[in-house]
Amino acid sequence: METAERLDLVTRHTEEVVTTDELEALLAEGSPSAYIGYAPTGEMHIGHFTTMRKLADLLSAGVDVTVLIADLHAHLDDEKSPFDLLDARSEYYREAIEGMIDAAGADPDEITFVRGTDYELDEEYTLELYRMAAETTIARSQRAASEVVRDSDSPALGGLLYPLMQSLDVKALEADIAYGGIDQRGIYMLSREILPDYGWTEPVCLFAPLLSGLTGGKMSASDEGSKVNLTDDPGTVAEKLNAAYCPMGETVDNGVLEYLELLVFPILDERGESFVVERPEQYGGDLVYDSYGDLEAEFVSEELHPADLKPAAAEYISSVIDPVRERLTAQPDLLAEAYPESYGDE
RNA sequence: CCGCCCUUAGCUCAGACUGGUAGAGCAGUCGACUGUAGAUCGACUUGUCCCCCGUUCAAAUCGGGGAGGGCGGACCA
């Protein structure tokens, strides 16, 4: 595959690339390595799924992919996961991620899985972390940290420490490319600043867009209605899609369209299938789309009405999620132990 | 070690001085209107007032004790 084609594959559907020139140079040289870290906190959802499609792109482009299950991060970042649930949630994440990669049309066996505690407690790593801590101000780290930590008037030390760890992760995993949601930008910009002082080159950063929520605005982990969960059955998906914010002809903040563009169409493309919208004769009968661009154009021109699009979108989203849901629900212990509050023994 | 502040609805907080078992905004739910949703109207819901003891006819409110959280000071060998 030509470098230009690989570059296109790697950068499509991204929010930002820092920098494209550096990325192109890496690809021209050979097979670079990329990593993405997932902190095993809340249940995985459709937003994570779109990043799995990107992992498939990376593999196709000849990039070595490592997935980090960042268990320590999950606790250090505002105690999003209780310490004693890290094992269970790490297991659940591993299973869910493999399921999504598989459903996204890639082979999980081609991906290297690593868990944070596998190496983040090693002496070398720990020593470098302390060195970094000595050289980084609280304000600098807070500026890089997650929103909850950044906006806090009195952040916990853990929240300030993990941005440094995440920077060290890049080196420890020998990654040339750091991939993550655009919310990770602050941390990786810090990494690019300080990593050269620790014997590693600044990573090329690949940022995924964050999906809009179904209720308008940003998707929120705590707002059930704003997102589709991996365990949602077709009925629930249909309900959530029906309740979604979706103004006629409007593409801004339209989660329904984003799901189709970033998740459904890439998978349909891979399978060589079309997107069919069933529409009553009264409104002109069924519609068929072979590309997201065509669909968006007709949505913008108002030829395609939201009330017709929603049920179709729900059906396709369900079909994409189904295998993952089945895989997870076939192992009820996995969810019960990771999220005793929601799935615990009744 | 010392001092000060905070803890009330899912969230942010008011109410406490001058005791009468609690409110606002946002969120949520339900209708109306739209060929969806939103917006807009209309209606509705929400609570161990951090815990314990005491005073009182009556405590979110007053007194004492405790827990959790935050901020600052001191010490700097």
Side-chain angles (χ1 to χ4, degrees), chain A residues 41-43 45-47 75-84 134 137-139 141-142 145-161 210-229 232 234-265 275-289 292 294-319 339-344:
Chain A
T41 53
E43 273 188 76
H45 50 69
I46 197 164
H75 186 67
L76 290 173
D77 183 8
D78 199 42
E79 299 184 278
K80 285 173 179 167
S81 283
F83 198 74
D84 57 5
T137 64
I138 290 174
S141 190
Q142 186 172 18
S146 67
E147 197 173 5
V148 272
V149 174
R150 202 177 335 121
D151 293 346
S152 171
D153 292 330
S154 43
L157 186 54
L160 302 176
L161 215 47
L210 298 186
L211 296 188
S212 295
L214 287 176
T215 48
K218 288 299 171 193
M219 183 155 71
S220 161
S222 54
D223 178 5
E224 276 302 312
S226 78
K227 66 192 202 296
V228 170
N229 287 321
D232 285 342
T236 305
V237 174
E239 276 175 29
K240 287 184 177 178
L241 264 291
N242 179 53
Y245 169 81
C246 189
M248 183 158 67
E250 181 64 66
T251 59
V252 181
D253 282 340
N254 192 325
V256 178
L257 291 179
E258 290 177 21
Y259 287 15
L260 296 178
E261 178 183 17
L262 300 173
L263 186 63
V264 173
F265 271 95
F275 186 87
V276 180
V277 176
E278 289 179 16
R279 185 169 65 171
E281 286 304 325
Q282 174 190 1
Y283 298 114
D286 294 358
L287 296 164
V288 179
Y289 299 102
Y292 172 75
D294 294 347
L295 183 149
E296 185 183 290
E298 293 212 338
F299 185 81
V300 169
S301 72
E302 303 186 0
E303 163 68 16
L304 173 59
H305 193 280
D308 296 317
L309 176 63
K310 282 180 168 183
E315 194 175 317
Y316 280 89
I317 289 168
S318 284
S319 75
Y339 304 98
E341 298 295 314
S342 331
Y343 298 91

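Owing to the predicted nature of the structure, the values given are computational and were not obtained by experimental measurement.
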Exercise. Output all residues satisfying ring pair (Phe, Tyr, Trp, His ring centres under 6.0 Å) with His45(A), sequence neighbours left out; order by chain, then residue number.
Key: His48(A)
Exercise. Name all residues meeting the ring pair (Phe, Tyr, Trp, His ring centres under 6.0 Å) criterion together with Tyr283(A); count only those two or more places apart in sequence or in a different chain, and write none if there are none.
Key: none
side-chain contact (heavy atoms from CB on, under 4.5 Å) against [X], all qualifying residues, sequence neighbours excluded:
X: Glu147(A); value: Arg150(A), Asp151(A)
X: Ser319(A); value: none
X: Ser154(A); value: Ser152(A)
X: Leu210(A); value: Ile182(A), Asp183(A)

Any strand is fair game: report the nucleotide pairing with [N] by Watson-Crick or G-U wobble, both distances under 3.5 Å, or none.
N: G72(B); answer: C2(B)
N: U34(B); answer: none
N: G63(B); answer: C53(B)
N: C26(B); answer: G10(B)

Quiz prompt | Interface residues of residues 247-259 of chain A with RNA chain B (non-hydrogen, below 4.0 angstrom) | solution = Pro247(A), Met248(A)
Practice problem: Please list residues of residues 300-309 of chain A whose heavy atoms come under 4.0 Å from any atom in RNA chain B, ordered by number; otherwise none. | Solution: His305(A), Pro306(A), Ala307(A), Asp308(A)
Compile the donor-acceptor pairs under 3.5 Å between side chains in residues 240-247 of chain A and protein atoms, sequence neighbours left out, one pair per line.
| from | atom 1 | to | atom 2 | distance (Å) |
| --- | --- | --- | --- | --- |
| Lys240(A) | NZ | Glu224(A) | O | 3.3 |
| Lys240(A) | NZ | Lys227(A) | O | 3.0 |
| Lys240(A) | NZ | Asp232(A) | OD2 | 2.8 |

Quiz item: With sequence neighbours excluded, what pairs up with Glu258(A) under the side chain to side chain donor-acceptor pair (under 3.5 Å) test?
Solution: Ser212(A)
Self-check item: Pairing residues for Lys80(A) by the salt bridge (Lys or Arg N to Asp or Glu O under 4.0 Å) criterion, not counting sequence neighbours
Solution: Asp77(A)
Self-check item: Along RNA chain B, first and last positions that approach a heavy atom of chain A under 4.0 Å
Solution: G35(B) to C71(B)
